[in-house]
Amino acid sequence: MSLDPNIAAYLAQAGAAVAPDSLAGIRAATDANLRRLHWAPEPVASVADYEIPGAAGSPIALRVYLPVNAPASGARPAIVFAHGGGWCLCSVDLYDNPCRALANATGCMVLSVDYRLAPEHPFPTPLEDVYAALVWTTEHAVILGIDPARIAVGGDSAGANLAAGAALLARERSGPAIAHQLLMYPALDDRLSSASCAEFAEGYSLTLETMRFCWSTYLGDAGGADPDYAAPLRAQSLHGLPPATVMACEFDPLRDEAVAYAQRLRDASVEASCITLEGMIHGCMHMLGLTPAARQLFDAAAAGLRQALRL
């Protein structure tokens with residue numbers, strides 16, 4: 001397909017903007033720019049904030065969304081969700097709107113993890129925070145009204161990287177039993193050498209230069225870190241992982257990483273579907289206010305989880 005016309009118009013206007021020259025400026029600009037793309041916040045049944053132990057016991061925030069049509073009682077399906085932002089940007093607050101939409105679309109309780117950001121907290125801290133939230137959710141499932149047999153892990157972009165890494169950690173540590181992985185336009189390979197990285201290096205919001213910067217903040221001095229967890233596409237083995245729904249945006253430098261990861265999962269006898277979000281660019285989880293076509297991401301998430309979590 002061609003690029004969504006609403007997105008094309010947005011990109012044409014955004015192309016004239018001056019890029020910030022500091023991390024603080026990039027964080028502020030990212031927050032402001034993404035909020036402009038949001039639709040009105042969807043009502044949900046409830047929102048609750050928790051403080052839980054992250055990596056090494058350091059406190060992190062967890063925001064829990066109960067979808068609007070959730071049953072008043074009983075064990076519900078859930079998604080432990082890690083937000084995107086290149087491991088160094090964004091927050092639970094910025095993702096409030098998308099997480100509301102995700103909860104309502106899937107019928108799942110969404111537990112949004114406010115993991116600590118790089119470069120102040122480089123690898124493996126963000127990953128360990130997300131894994132700690134997954135463990136905490138499993139241990140507190142009954143109290144939270146969650147079915148421990150129906151807990152998925154998910155995220156978008158860098159958050160999808162952390163979700164995939166958490167699934168690998170759970171396998172290696174004999175940790176929580178994850179029912180499904182929901183990986184939306186994931187960042188999975190620090191080499192950034194795919195054909196789509198070259199094809200969409202500039203002009204489609206996320207640039208190749210930006211991704212190189214984000215990887216550098218995340219890996220820090222751990223540039224030689226075990227790729228099994230830092231860059232899951234480079235993991236030696238994907239056997240024994242949970243089934244996965246992997247989404248790739250059609251006009252995204254990271255598109256080929258998503259496609260390749262889904263294929264590697266299948267090659268490892270892991271059930272995995274790969275869905276192309278037609279006409280979309282990276283970050284479309286935020287774009288319900290920009291184009292109705294962004295709804296396809298939430299529809300695909302619901303379809304991917306329906307069978308796995310018996311929705």
Side-chain angles (χ1 to χ4, degrees), residues 42 44-50 52 60-71 74-84 90 92 94-115 126-127 129-170 175-186 241-247 271-273 275 285-286 297-311:
E42 294 187 17
V44 292
S46 66
V47 180
D49 289 313
Y50 294 84
I52 68 169
I60 58 172
L62 189 71
R63 183 166 294 172
V64 180
Y65 300 85
L66 189 63
V68 68
N69 293 322
R76 311 174 184 94
I79 307 168
V80 177
F81 180 83
H83 66 75
C90 303
V92 163
L94 180 61
Y95 270 73
D96 182 76
N97 190 306
C99 282
R100 288 168 176 265
L102 182 64
N104 286 338
T106 62
C108 293
M109 184 183 291
V110 172
L111 299 94
S112 183
V113 186
D114 203 18
Y115 60 87
L127 172 58
D129 280 348
V130 172
Y131 181 74
L134 175 64
V135 172
W136 184 91
T137 299
T138 303
E139 292 175 346
H140 294 78
V142 175
I143 297 172
L144 294 167
I146 292 171
D147 182 350
R150 293 193 291 164
I151 298 175
V153 64
D156 75 316
S157 190
N161 167 288
L162 299 175
L168 286 159
L169 284 179
I178 300 169
H180 201 73
Q181 301 177 77
L182 179 64
L183 310 178
M184 299 181 278
Y185 44 89
L241 290 175
T245 298
V246 186
M247 299 185 202
E271 182 181 346
S273 62
I275 300 165
M285 189 179 193
H286 292 275
L297 176 142
F298 298 95
D299 293 341
L305 290 170
R306 189 171 294 123
Q307 181 176 358
L309 303 186
R310 304 187 301 279
L311 301 176

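Just so you know, residue 1 is the first one in the sequence shown, and it goes up from there.
Residues satisfying the salt bridge (charged side-chain N to carboxylate O under 4.0 Å, His left out) test with Arg306, not counting sequence neighbours, are none. Residues passing the salt bridge (charged side-chain N to carboxylate O under 4.0 Å, His left out) test with Asp114, sequence neighbours excluded: none. For Asp49, the salt bridge (charged side-chain N to carboxylate O under 4.0 Å, His left out) test picks out Arg63, with sequence neighbours left out.
The shortest heavy-atom contact between Arg76 and Leu144 is NH1-O, 3.7 Å. The shortest heavy-atom contact between Gln181 and Pro242 is NE2-O, 3.0 Å. Closest approach of Asn104 and Pro67 over heavy atoms only: OD1-CA, 3.4 Å. Annotation for Pro243 and Ala179: closest pair CD-O, 3.7 Å, computed over non-hydrogen atoms. What you find for Ala103 and Tyr65 is that their closest heavy atoms are CB-CB, 4.1 Å. The two residues Ala152 and Leu309 have their closest heavy-atom pair at CB-CD1, 4.2 Å.
Side-chain atoms of Val246 and Pro186, non-hydrogen and from C-beta on, do get closer than 4.5 Å to each other. Side-chain contact check for Glu42 versus Asn97: every heavy-atom pair is 4.5 Å or farther apart. Proximity of Val64 to Val47: side-chain heavy atoms (C-beta onward) are nowhere separated by under 4.5 Å.
Without hydrogens or angle criteria, Thr106 side chain to Cys108 main chain gives a donor-acceptor distance under 3.5 Å. When atom types are taken as modelled, the side chain of Arg150 and the backbone of Ala75 share a donor-acceptor pair closer than 3.5 angstrom.
A donor-acceptor pair shorter than 3.5 Å cannot be found between the side chains of His83 and Ser112. Side-chain contact annotation: His286 with Tyr95, donor-acceptor N/O pair under 3.5 Å present.
Between Met109 atom CE and Ile151 atom CD1 the span is 10.0 Å, to the nearest 0.5 Å. If you take CG on Leu127 and CG on Asn161, they are separated by 7.5 Å, rounding to the nearest 0.5 Å.
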Mind running side-chain contact (heavy atoms from CB on, under 4.5 Å) on Met184 and Thr245 for me, showing each step along the way? CA-CA 8 Å; Met184 299 181 278; Thr245 298; over 6 Å; no
Report the C-alpha distance between Trp136 and Val80 in whole Å, list the side-chain angles of each, state the deciding distance to 0.1 Å, and finish with yes or no for side-chain contact (heavy atoms from CB on, under 4.5 Å). CA-CA 10 Å; Trp136 184 91; Val80 177; over 6 Å; no
Before giving the answer on side-chain contact (heavy atoms from CB on, under 4.5 Å), spell out for His140 and Ile52 the whole-Å C-alpha distance, their side-chain angles and the decisive distance to 0.1 Å. CA-CA 11 Å; His140 294 78; Ile52 68 169; over 6 Å; no
Would you check, one step at a time, whether the test side-chain contact (heavy atoms from CB on, under 4.5 Å) holds for Leu134 with Ile178? CA-CA 9 Å; Leu134 175 64; Ile178 300 169; 3.6 Å; yes
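Among Asp156, Leu183, Leu182, the one residue that satisfies the side-chain contact (heavy atoms from CB on, under 4.5 Å) test with Met247 is Leu182. For the side-chain contact (heavy atoms from CB on, under 4.5 Å) test with Phe81, the passing option among Leu102, Leu162, Leu62, Val113 is Leu102; the others fail.
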